[in-house]
Colleague: 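Can you keep this structure in mind? I'll have questions shortly.
What you see below is based on every heavy atom in this structure, not just the backbone, and it leaves out hydrogens, waters and symmetry mates.
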Amino acid sequence: MIPRIVVAAPSSGAGKTTVAVGLMAALRRSGHTVAGFKVGPDYIDPGFHAVATGRPGRNLDPMLSGEERVAPLFAHGSAGADIAVVEGVMGLYDGALGTEGYSSTAHVAKLLQAPVVLVVDASAAGRSVGAVVQGFVAFDTGVRIVGVILNKVGSDRHEAEVRAGVAPTGVPVLGVLRRDTRLTVPSRHLGLIPADEQREQAETAVDAAAELVRQGVDLEAFIAAARAAASFEVTAWDPAEEVSPAEDGRPVIAMAGGPVFSFRYTETAELLTAAGADVVTFDPLHESLPETTSALYLGGGFPELHAEALSGNVVLRQQVAAEIAAGLPVVAECAGLLYLCRELDGHQLTGVLPATARMTSRLSLGYRTAIAASTTSIFDEGRRVHGHEFHRTTVAFDEDVSPAWYLPGGQEGIGRGQIHASYLHLHWTATPDVPARFVAAARVHAGLEK
């Protein structure tokens, strides 16, 4: 296990994403090879981690992957790096509702035996910040808080007052970041707009965060804290150990990418590749299906923001509809489900499904326990999984269909034959038979297997 540290906060909105991304970028600029991770199912922050580190962003989520896989997945994602920075989610001790902190940042820190640095928003407090820090230290003594970074400090006098409050806790202040209006827009980008949608702005935001951290954080003290992480052995997760490829032929699995379909876990492509497929990413805004496509994976994203442009790629829409009608296996998660509908907010899409989709003001967000409602090429009826939803759209089917999942609140999506489409995102590391079956279905469609 390499030097590692978790960047956490008392609550959302404290600035931990800006600080974590800034730390990753500053460490890289100082000559380190940095591995970046995000606690939880978030897709947006890992995109900025990738910009900051030059390596794939990855998620650590006990709820979706199983807690026994967290350390192995961390070891896998850290290969070749000399330091790892793990960005937390929400408040340090906030996990899945009703679970006493399961899948929280603290939970992951314990699984990794990693020290924690607490980012505290000091903009509306002085000495009281010390009470906040002391409370977080005492709340769970199994979590080792080794430093504090004070964010949004207004002046030298303000800084002195906050430091005086923190001093009695014995937790060292590793950095002080001043209020900076230049970060107002970048922090919005970091929180709301995927890096793949605005690469130039993302790089500008990362550069600004890196400079902020360089000026305000003691990087050497931060590195020393990471190097003080407990040493323990773990066998790295290996996709090749999870699946077995066929001996001959590799079908092509087309994976939607680009600005619209940027929500997908890095390990998904790794598992499909290990299972014997050639994964080819394409941009549905401008491109057609890759040649000899034998299966299609449509992940998540914000198609509602690009509905007109997606509709404008008529060649791809017609191609996808024709290929799926001819038996092309397809897995569609969230944005992919919308793309398969007849239309989205009045814009014509592929029409593969007898359904229309529209944007709403209602947010559907959270972990879901689901049971497969029907047997498809990749799921057997009755299969139980843990997934996650994050969307503001709704889909209305024109006719009764075989749903993909039974959820506590009802049924969702559609599952029939070679089509599995729903709002639910899965972390396939917990279900390695799923990518294996998906590749097997692709092999059949390609004529490589009966």
Colleague: What's the shortest heavy-atom distance between Val260 and Pro303, and which atoms?
Modeller: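 Nearest pair, atom of Val260 first, then Pro303: CG1-CA, 3.6 Å.
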Colleague: Grab the two heavy atoms, one from Ala8 and one from Leu92, that are nearest each other, plus how far apart they are.
Modeller: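 Closest approach of Ala8 to Leu92, heavy atoms only: CB-CD1, 3.7 Å.
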Colleague: Kindly indicate, with the supporting measurements, whether the criterion side-chain contact (heavy atoms from CB on, under 4.5 Å) is fulfilled by Phe261 and Thr281.
Modeller: CA-CA 10 Å; Phe261 295 92; Thr281 303; over 6 Å; no
Colleague: Can you run down the ring-ring contact (aromatic ring centres under 6.0 Å, His included) pairs that involve residues 350-370, sequence neighbours left out, and say none if there aren't any?
Modeller: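 Every pair satisfying ring-ring contact (aromatic ring centres under 6.0 Å, His included) with a residue in residues 350-370: Tyr367-His388.
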Colleague: Would His107 and Tyr102 satisfy ring-ring contact (aromatic ring centres under 6.0 Å, His included), going step by step from the backbone distance to the final call?
Modeller: CA-CA 6 Å; His107 185 192; Tyr102 194 92; 4.7 Å; yes
Colleague: Among residues at least two apart in sequence or on other chains, which ones pass salt bridge (Lys or Arg N to Asp or Glu O under 4.0 Å) with Arg358?
Modeller: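 By the salt bridge (Lys or Arg N to Asp or Glu O under 4.0 Å) rule, Arg358 matches no residue at all.
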Colleague: According to the salt bridge (Lys or Arg N to Asp or Glu O under 4.0 Å) rule, which pairs have a member within residues 250-270, sequence neighbours left out?
Modeller: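 Non-adjacent pairs meeting salt bridge (Lys or Arg N to Asp or Glu O under 4.0 Å): Arg58-Glu267, Arg58-Glu270, Arg250-Asp278.
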Colleague: Would you call the rings of Tyr297 and Trp428 parallel, tilted or perpendicular, where under 30° means parallel and over 60° means perpendicular?
Modeller: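 Rings of Tyr297 and Trp428: perpendicular, over 60°.
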Colleague: Quick one: pull up CG in Leu111 and CZ in Arg69 and give me the separation to the nearest 0.5 Å.
Modeller: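 So the gap between those two atoms works out to 13.0 Å.
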Colleague: Please check if the side chain of Asn313 supplies one atom and the backbone of Glu287 the other of a donor-acceptor pair under 3.5 Å.
Modeller: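 Flag set: sc Asn313 to bb Glu287 pair under 3.5 Å.
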Colleague: List the steps and the verdict of side-chain contact (heavy atoms from CB on, under 4.5 Å) for Thr17 and Phe48.
Modeller: CA-CA 9 Å; Thr17 296; Phe48 285 89; 5.8 Å; no
Colleague: Could you tell me if the side chain of Pro41 sits less than 4.5 Å from the side chain of Asn59, heavy atoms only?
Modeller: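 Contact flag for Asn59/Pro41 side chains = no.
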Colleague: Only counting residues at least two apart or in another chain, list the ones meeting side-chain contact (heavy atoms from CB on, under 4.5 Å) with Ala275.
Modeller: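 Partners of Ala275 under the side-chain contact (heavy atoms from CB on, under 4.5 Å) test: Val243, Val439.
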Colleague: Scan side-chain atoms only and decide if His427 and Ser65 contain a donor-acceptor pair under the 3.5 Å cut-off.
Modeller: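 Not at all, the side chains of His427 and Ser65 share no donor-acceptor pair under 3.5 Å.
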Colleague: Ignoring hydrogens and geometry, is there a side-chain-to-backbone donor-acceptor pair from Arg55 to Gly36 under 3.5 Å?
Modeller: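 Side chain of Arg55 to backbone of Gly36: no pair is present.
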Colleague: Just by distance, do the side chain of Ser294 and the backbone of Ile253 share a donor-acceptor pair under 3.5 Å?
Modeller: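 No; zero donor-acceptor contacts below 3.5 Å.
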Colleague: Taking the side chain from Glu67 and the backbone from Ser103, do they hold a donor-acceptor pair closer than 3.5 Å?
Modeller: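 Judged by distance alone, no pair lies under 3.5 Å.
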Colleague: If you look at every heavy atom in Lys110 and Val143, which pair is closest and at what distance?
Modeller: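 That closest heavy-atom pairing would be CE-CG2, 3.8 Å.
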Colleague: Do other residues, nucleotides or ligands put more than 12 heavy atoms under 6.0 Å from Glu291 CD?
Modeller: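 Open.
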Colleague: Looking at Leu73 and Phe37, what are the two nearest heavy atoms and their distance?
Modeller: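 In terms of heavy atoms, the two residues are closest at O-CE2, 4.3 Å.
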Colleague: If you measure from OG1 on Thr293 to CZ on Phe282, what distance do you get to the nearest 0.5 Å?
Modeller: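 So the OG1 of Thr293 and the CZ of Phe282 are separated by 7.0 Å.
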Colleague: Which residue, Val116, Ile83, Leu23, Val117, forms the side chain to side chain contact (heavy atoms under 4.5 Å, CB included) with Ile5?
Modeller: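 With Ile5 as partner, side chain to side chain contact (heavy atoms under 4.5 Å, CB included) holds for just one option, Val117.
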Colleague: Taking the side chain as every heavy atom from C-beta outward, state whether Pro403 and Ile414 have any atom pair closer than 4.5 Å.
Modeller: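 The answer is no, as the side chains (C-beta and beyond) never meet within the 4.5 Å cut-off.
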Colleague: Would you tell me whether His425 and Tyr43 have side-chain atoms, one donor and one acceptor, within less than 3.5 Å of each other?
Modeller: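 On atom types as modelled, these side chains qualify, holding a pair under 3.5 Å.
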Colleague: For a 4.5 angstrom cut-off between non-hydrogen side-chain atoms, does His445 reach Leu328?
Modeller: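 His445 reaches Leu328 side chain to side chain.
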Colleague: When the aromatic ring centroids of Phe379 and His420 are compared, is their separation below 6.0 Å?
Modeller: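 Distance test on ring centres: under 6.0 Å, yes.
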Colleague: Side-chain contact, heavy-atom cut-off 4.5 Å: Glu333 with Leu426?
Modeller: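 A side-chain contact exists here, since the closest heavy-atom pair is under 4.5 Å.
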Colleague: Identify whether the distance between the nearest side-chain nitrogen and carboxylate oxygen of Asp207 and Arg214 falls below 4.0 Å.
Modeller: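 Salt bridge between Asp207 and Arg214, a charged N being under 4.0 Å from a carboxylate O: no.
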Colleague: For a 4.5 angstrom cut-off between non-hydrogen side-chain atoms, does Ser374 reach Thr376?
Modeller: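 Yes, close enough: below the 4.5 Å cut-off.
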Colleague: For residues 298-307, which residue pairs pass the salt bridge (Lys or Arg N to Asp or Glu O under 4.0 Å) check, not counting sequence neighbours?
Modeller: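 For residues 298-307: none.
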Colleague: Side chains of Thr360 and Thr394: donor-acceptor distance under 3.5 Å anywhere?
Modeller: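 Short answer, no.
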Colleague: Measure the spacing between OG1 of Thr393 and CG of Leu338 and express it to the nearest 0.5 Å.
Modeller: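 Thr393 atom OG1 to Leu338 atom CG measures 4.5 Å (nearest 0.5 Å).
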Colleague: Sequence neighbours left out, cut at 3.5 Å: what donor-acceptor pairs do the side chains of residues 340-348 make with other protein atoms?
Modeller:
{"residue": "Arg342", "atom": "NH1", "partner": "Asp398", "partner atom": "OD2", "Å": "2.4"}
{"residue": "Arg342", "atom": "NH2", "partner": "Asp398", "partner atom": "OD2", "Å": "3.0"}
{"residue": "Asp345", "atom": "OD1", "partner": "Met359", "partner atom": "N", "Å": "2.8"}

Colleague: Could you report the tightest heavy-atom contact between Val234 and Ala75, atom names first, then the distance?
Modeller: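 So the two residues come closest at CG1-CB, 3.9 Å.
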Colleague: Report the C-alpha distance between Leu27 and Thr53 in whole Å, list the side-chain angles of each, state the deciding distance to 0.1 Å, and finish with yes or no for side-chain contact (heavy atoms from CB on, under 4.5 Å).
Modeller: CA-CA 9 Å; Leu27 288 167; Thr53 65; over 6 Å; no
Colleague: Taking the side chain as everything from C-beta on, heavy atoms only, tell me whether Leu285 gets closer than 4.5 Å to Pro259.
Modeller: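 Yes, side chains in contact.
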Colleague: May I ask you to test the Trp405-Val385 pair for a side-chain heavy-atom distance under 4.5 Å?
Modeller: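 Yes, at least one pair of side-chain atoms sits under 4.5 Å.
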Colleague: Can you tell me if Tyr265 and Thr429 form a side-chain donor-acceptor pair at under 3.5 Å?
Modeller: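 No donor-acceptor contact under 3.5 Å links the two side chains.
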Colleague: Would the number of heavy atoms belonging to other residues, nucleotides or ligands and lying under 6.0 Å from CG of Leu363 be above 12?
Modeller: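 Count over threshold, so yes.
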Colleague: Could you tell me whether a side-chain N or O of Asp61 sits under 3.5 Å from a main-chain N or O of Val39, the two making a donor and an acceptor?
Modeller: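 No: the side chain of Asp61 does not pair with the backbone of Val39.
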Colleague: Could you check whether any side-chain heavy atom of Val86 comes within less than 4.5 Å of a side-chain heavy atom of Phe74, counting everything from C-beta outward?
Modeller: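 Heavy-atom side-chain distance check passes, below 4.5 Å.
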Colleague: For Ile2 versus Ser78, what's the shortest heavy-atom pair and its separation?
Modeller: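 Scanning both residues completely, I find the closest heavy atoms to be CD1-CB, 3.7 Å.
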Colleague: Can you name the residues that form a side-chain hydrogen bond (donor to acceptor under 3.5 Å, both in side chains) with Thr431, not counting sequence neighbours?
Modeller: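 Testing Thr431 for side-chain hydrogen bond (donor to acceptor under 3.5 Å, both in side chains), a comparison that skips the adjacent residues, returns none.
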Colleague: Could you check whether the rings of Phe139 and Tyr93 sit parallel, tilted or perpendicular, using 30° and 60° as the cut-offs?
Modeller: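 Aromatic pair Phe139/Tyr93 classed tilted.
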Colleague: Between Glu211 and Gln215, does any side-chain donor sit less than 3.5 Å from a side-chain acceptor?
Modeller: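 Side-chain D/A pair, Glu211 to Gln215: present.
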Colleague: According to salt bridge (Lys or Arg N to Asp or Glu O under 4.0 Å), does anything in residues 84-97 pair up with another residue at least two apart or in another chain? List the pairs.
Modeller: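 Listed once each, the pairs are Lys38-Glu87.
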Colleague: Return the set of residues passing side-chain contact (heavy atoms from CB on, under 4.5 Å) with Ala52 (not counting sequence neighbours), or none when no residue passes.
Modeller: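 Partners of Ala52 by the side-chain contact (heavy atoms from CB on, under 4.5 Å) criterion, ordered by chain and then number, come out as Val21, Met24, Ala25, Val206.
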Colleague: Mind checking what makes salt bridge (Lys or Arg N to Asp or Glu O under 4.0 Å) contact with Arg383, not counting sequence neighbours?
Modeller: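 Salt bridge (Lys or Arg N to Asp or Glu O under 4.0 Å) list for Arg383, sorted by chain: Asp433.
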Colleague: Which residues pass the salt bridge (Lys or Arg N to Asp or Glu O under 4.0 Å) test with Glu389, not counting sequence neighbours?
Modeller: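 Listed in chain order: Arg368.
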Colleague: Assess whether side-chain contact (heavy atoms from CB on, under 4.5 Å) is satisfied between Val70 and Val108, documenting all intermediate values.
Modeller: CA-CA 7 Å; Val70 169; Val108 171; 4.3 Å; yes
Colleague: For Asp380, is there an ion pair with Arg437 - N to carboxylate O distance below 4.0 angstrom?
Modeller: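 Counted as a salt bridge, because a side-chain N and a carboxylate O are separated by less than 4.0 Å.
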Colleague: Mind jotting down which residue pairs meet the ring-ring contact (aromatic ring centres under 6.0 Å, His included) criterion with at least one end in residues 8-29? Sequence neighbours excluded, please.
Modeller: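 Pairs touching residues 8-29 that pass the test: none.
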